[in-house]
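Heads up, the thing below is written out as structure tokens.
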Amino acid sequence: MHLLPPLLLLLTTLATTALSTSLTFHLPPTDLLPRLTPHTTLTLTRAGHPTLSTPITRSNEFLLAHVPPGSYLLEVTSLGLAFPPLRVDVAPTGEVQSAMTFRGNEWGNQGERRAIVGEGQGEESGYRIELLPPTPAEMYTAREGFSPLKLLSSPMMLIAAVGLAGVVLVPKLIDNMDPEMRAEFEKEQKNSILGGGAGGAAAAMNPFAGFDAARFLAGATAPAAAAAAVVPEKSAGKRGGGGGGGEEAVGFIR
């Protein structure tokens, strides 16, 4: 009776080992392979289970033996290189499938399936999967060069161009107008508020007419128009004796 639990544990371990699958991941030939370092590592991540990892071999392959059944996210980390992630599904029967994926993708949404390149032979039989080629890792965004088209497409440049075109073209249009229409246009312009023709009517309609910002900020309460004006007044008078000449005196009254 005491040998039953260890025996069950041994049988469970043997069954798990028998159901596990050996996987070989191969890198395709590319010009970036010489940039691979010995620290290049492949990892298989599965939610709620330990992460499986293995370093690269001299033959540019990654070997993982006894991979339990489940769905894994395959990632390769290498200095200066970026590898597209893959999804690896190991069925309980030992069948292996691979598909393209990316981080943030829903796990139920499977991408394009990757073909299994080949299988091993002998006791170490397993599946051989070809990885996607790497690309150089871009740590910084390249600064865009100067382009006259981008300068002309700026909103400020467009506003300035429209204003300049109006300054140049409007006078020419006015010169080519019909004389009667031009006279009527000039008359309406003089009578408009902008032309100064409205005079007192425009001032009466404007509540801020005569407003002095400097006096307001200085604390003055009376408007500038209400200030008393200085009026010079001449008064004639005589100084001295009766026979002498008269001298004109000027007085100032506020």
Side-chain angles (χ1 to χ4, degrees), residues 25-43 45 56 60 73-87 98-115 129-199 202-203 205-214 216-217:
F25 301 94
H26 176 71
L27 284 173
T30 177
D31 297 337
L32 299 177
L33 288 184
R35 298 176 56 179
L36 293 175
T37 63
H39 301 286
T40 303
T41 306
L42 181 143
T43 59
T45 306
I56 192 172
N60 296 328
L73 175 65
L74 183 151
E75 292 179 307
V76 179
T77 56
S78 180
L79 182 62
L81 296 176
F83 289 81
L86 291 177
R87 171 177 175 165
S98 177
M100 299 178 62
T101 186
F102 56 91
R103 282 193 172 273
N105 183 29
E106 294 184 4
W107 199 245
N109 183 16
Q110 297 186 9
E112 180 183 355
R113 291 190 178 275
R114 300 283 299 170
I129 303 174
E130 184 173 354
L131 299 176
L132 295 173
T135 57
E138 297 181 358
M139 301 299 178
Y140 303 96
T141 303
R143 185 175 181 179
E144 297 182 359
F146 175 77
S147 176
L149 296 179
K150 292 186 178 180
L151 181 62
L152 295 177
S153 63
S154 173
M156 299 302 297
M157 293 299 296
L158 294 178
I159 294 175
V162 172
L164 182 61
V167 171
V168 175
L169 297 179
V170 169
K172 294 183 178 181
L173 293 177
I174 294 177
D175 293 339
N176 296 330
M177 290 175 61
D178 184 70
E180 296 181 358
M181 184 179 297
R182 180 176 179 180
E184 184 178 357
F185 174 76
E186 293 178 353
K187 181 179 179 181
E188 293 294 337
Q189 187 177 11
K190 290 181 181 180
N191 294 333
S192 64
I193 297 177
L194 297 178
M205 294 174 59
N206 187 4
F208 296 99
F211 177 74
D212 192 346
F216 177 76
L217 295 176

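Atoms considered below: every heavy atom in the structure, side chains included; atoms not considered: hydrogens, waters and symmetry mates.
In this structure, L132 and F83 approach most closely via the heavy-atom pair O-CD2, 4.1 Å. The minimum heavy-atom distance between P84 and P133, with the atom names listed, is CD-O, 3.7 Å. The shortest non-hydrogen separation linking P171 to G166 is CD-O, 3.9 Å. E130 and P28 get closest at one heavy-atom pair: OE2-CB, 3.1 Å.
In this structure a side-chain-to-backbone donor-acceptor pair under 3.5 Å is missing from R35 to S78.
Remark: T41 engages T43, S53, T77 in a side-chain contact (heavy atoms from CB on, under 4.5 Å) (not counting sequence neighbours). The salt bridge (Lys or Arg N to Asp or Glu O under 4.0 Å) search around E184 returns none, not counting sequence neighbours. Legend: residues meeting side-chain hydrogen bond (donor to acceptor under 3.5 Å, both in side chains) with Q110, ordered by chain and number and at least two apart, are R113. Qualifying salt bridge (Lys or Arg N to Asp or Glu O under 4.0 Å) partners for R114, counting only residues two or more places apart in sequence or in other chains: none. Residues passing the side-chain hydrogen bond (donor to acceptor under 3.5 Å, both in side chains) test with N105, sequence neighbours excluded: T101, N109.
In this structure, L169 CG and L164 CG are separated by 8.5 Å, a value rounded to the nearest 0.5 Å. Taking CG of L81 as the start and CG of L32 as the end, the distance is 5.5 Å to the nearest 0.5 Å. To the nearest 0.5 angstrom, I129 atom CD1 is 13.0 Å from H26 atom NE2.
Under the side chain to side chain donor-acceptor pair (under 3.5 Å) criterion, the residue pairs touching residues 148-171 are E144-K150, with sequence neighbours excluded.
Between E75 and L42, every side-chain heavy-atom pair lies at or beyond the 4.5 Å cut-off. Counting only heavy atoms from C-beta outward, the side chains of L74 and L131 approach each other to under 4.5 Å. The shortest side-chain heavy-atom distance between T30 and P134 falls under the 4.5 Å cut-off.
In L173, the CG atom is crowded: over 12 heavy atoms of neighbouring residues, nucleotides or ligands sit closer than 6.0 Å. Dense packing is recorded around CG of D178, with more than 12 heavy atoms of other residues, nucleotides or ligands lying under 6.0 Å away.
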